[in-house]
Every structure is written in C-alpha cells, then in structure tokens.
Asker: 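Here it is, the structure in full.
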Amino acid sequence: MPDKKDNLYNAIYDVVRSVPEGRVTTYGAVAAAIGAKSGARVVGYAMNLCHGIVPAVPAHRVVNRNGMLTGKHHFSPPELMQQLLEREGVVVHDDKIVGFEQLLWEPLKEL
DNA sequence: TACCTGACGGGCC
DNA sequence: GGGCCCGCCAGGT
C-alpha cells in the first residue's frame with residue numbers, strides 16, 4: 001500500500017458512507033475502525049476535505065464523543081446538519097443528539 | 001515560503 | 001475529579 005495516506009482518507013469516507021440512515025457515529029469510532037488510533041483528529045481533517053467528494057459523504061452523521069454537532073459550522077448553512085439529521089428521524093436538541101448512545105453506530109461493533 | 005489554526009480524543013499530572 | 005498537553009494532516013493567510 002504505497003498510498004497509505006490516500007487510502008486512509010478513502011477508508012474514512014467509506015466508513016462514514018456505511019453509516020445507516022437515522023444512525024450516527026463518532027470521530028473516534030471511525031478512527032478506530034480504520035486503525036488510526038493516533039487521530040480522531042485525522043477523521044476531522046478528512047471531513048474538512050469532504051467538500052466536493054463524490055459520492056457525497058454524510059458528514060452530518062459524524063459527531064464528537066459527546067454527541068454534539070461540533071462540525072455543523074462547516075455546513076452551509078450550519079443548520080443544514082441538524083436539518084438532515086432530523087429529516088432522517090434523529091432528534092437534535094441544543095446541537096446535541098437526543099438518545100445519542102442509542103443511535104450510535106460503531107463500525108467496529110456493527111461491521 | 002513559513003507559520004498557524006482547525007470537525008477530536010485519550011493519557012497524564 | 002478536573003485541567004493541561006500531546007499527536008496528526010492539510011489548507012489558508
């Protein structure tokens with residue numbers, strides 16, 4: 001695997017796209033799924049670059065460890081993240097996922 | 001061209 | 001129990 005880094009990002013997008021509708025995952029869960037233990041942050045960087053990626057990466061289903069929509073500010077408009085989640089049946093209150101632990105979808109556990 | 005900041009999380013003091 | 005620090009990549013200024 002010469003393009004390890006490239007595959008890393010590709011793996012991140014693949015995992016995020018594997019998240020079922022109405023479910024959410026965390027940066028740490030994705031990072032653990034791809035073996036990037038050093039960086040939940042790397043997942044965040046990948047999300048930052050998801051702009052223009054096809055097929056579209058459902059970054060709105062990725063939240064931080066607290067279940068908060070930390071990256072909503074990167075959407076346009078920011079409310080779009082919550083809108084998409086609510087559209088899928090996910091209840092969001094105060095930028096936080098209601099019943100987050102129940103909706104949490106862990107790749108390592110489910111995959 | 002170089003520095004800095006930014007979607008996180010876990011470990012250590 | 002709480003707060004601080006470190007690790008990682010890439011793009012913008």
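Excluded from the calculations below are hydrogen atoms, water molecules and symmetry mates; all remaining heavy atoms, backbone and side chain alike, are included. So you know, we letter chains A, B, ... as the sequences are listed, proteins then strands, and number each from 1.
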Asker: Just the rounded figure in Å: distance from C1' of dA7(B) to CG of L85(A).
Answerer: 14 Å
Asker: Side chains of H74(A) and N48(A): closer than 4.5 Å at any heavy-atom pair?
Answerer: yes
Asker: Roughly how many Å is it from CZ in F100(A) to C1' in dC8(B), rounded to a whole number?
Answerer: 12 Å
Asker: I want to verify a distance call: between dG11(C), dG9(B), dA7(B), whose nearest atom is closest to the L49(A) side chain?
Answerer: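 Between dG11(C), dG9(B), dA7(B), the one nearest the side chain of L49(A) would be dG11(C).
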Asker: Using the P atom on both, measure dA7(B) against dT13(C) and round to a whole Å.
Answerer: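 Nearest-Å result for dA7(B) against dT13(C) at atom P: 15 Å.
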Asker: Establish whether Y45(A) and V43(A) are linked, either directly or via other cluster members, by ILVMFWY side-chain heavy-atom contacts under 4.5 Å.
Answerer: yes
Asker: Whole Å only: how far is the NE2 atom of H73(A) from the P atom of dC8(B)?
Answerer: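 Spelled out: NE2 on H73(A) to P on dC8(B) is 12 Å.
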Asker: Kindly state whether the pair Y45(A) / dC9(C) counts as stacked, where counting means centroids closer than 5.5 Å and planes tilted less than 30° apart.
Answerer: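 Stacking is present between dC9(C) and Y45(A), given that their ring centres fall under 5.5 Å apart and the planes under 30°.
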Asker: At under 4.0 Å between heavy atoms, what does N48(A) touch on the DNA or RNA strands: base, sugar-phosphate, or nothing?
Answerer: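 Answer is base: heavy atoms of N48(A) come under 4.0 Å of a base.
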Asker: Expressed in whole Å, how much space separates the P atoms belonging to dC8(C) and dC12(B)?
Answerer: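 One P to the other, the span is 16 Å.
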Asker: Return the nearest nucleotide to the side chain of N64(A); candidates are dA7(B), dG9(B), dC9(C).
Answerer: dG9(B)
Asker: Provide, to the nearest angstrom, the distance between the OH atom belonging to Y27(A) and the C1' atom belonging to dG6(B).
Answerer: 11 Å
Asker: In whole angstroms, how far is the P atom of dG9(B) from the CE atom of M68(A)?
Answerer: 10 Å
Asker: In this structure, how many angstroms lie between the C1' atom of dG9(B) and the CD1 atom of I34(A), rounded?
Answerer: 14 Å
Asker: Using a 4.0 Å heavy-atom cut-off across all strands, classify L69(A) as base, sugar-phosphate, or nothing.
Answerer: nothing
Asker: Just compare dC8(C), dA10(C), dG9(B) and give me whichever is closest to any side-chain atom of R41(A).
Answerer: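 Closest nucleotide to the R41(A) side chain: dC8(C).
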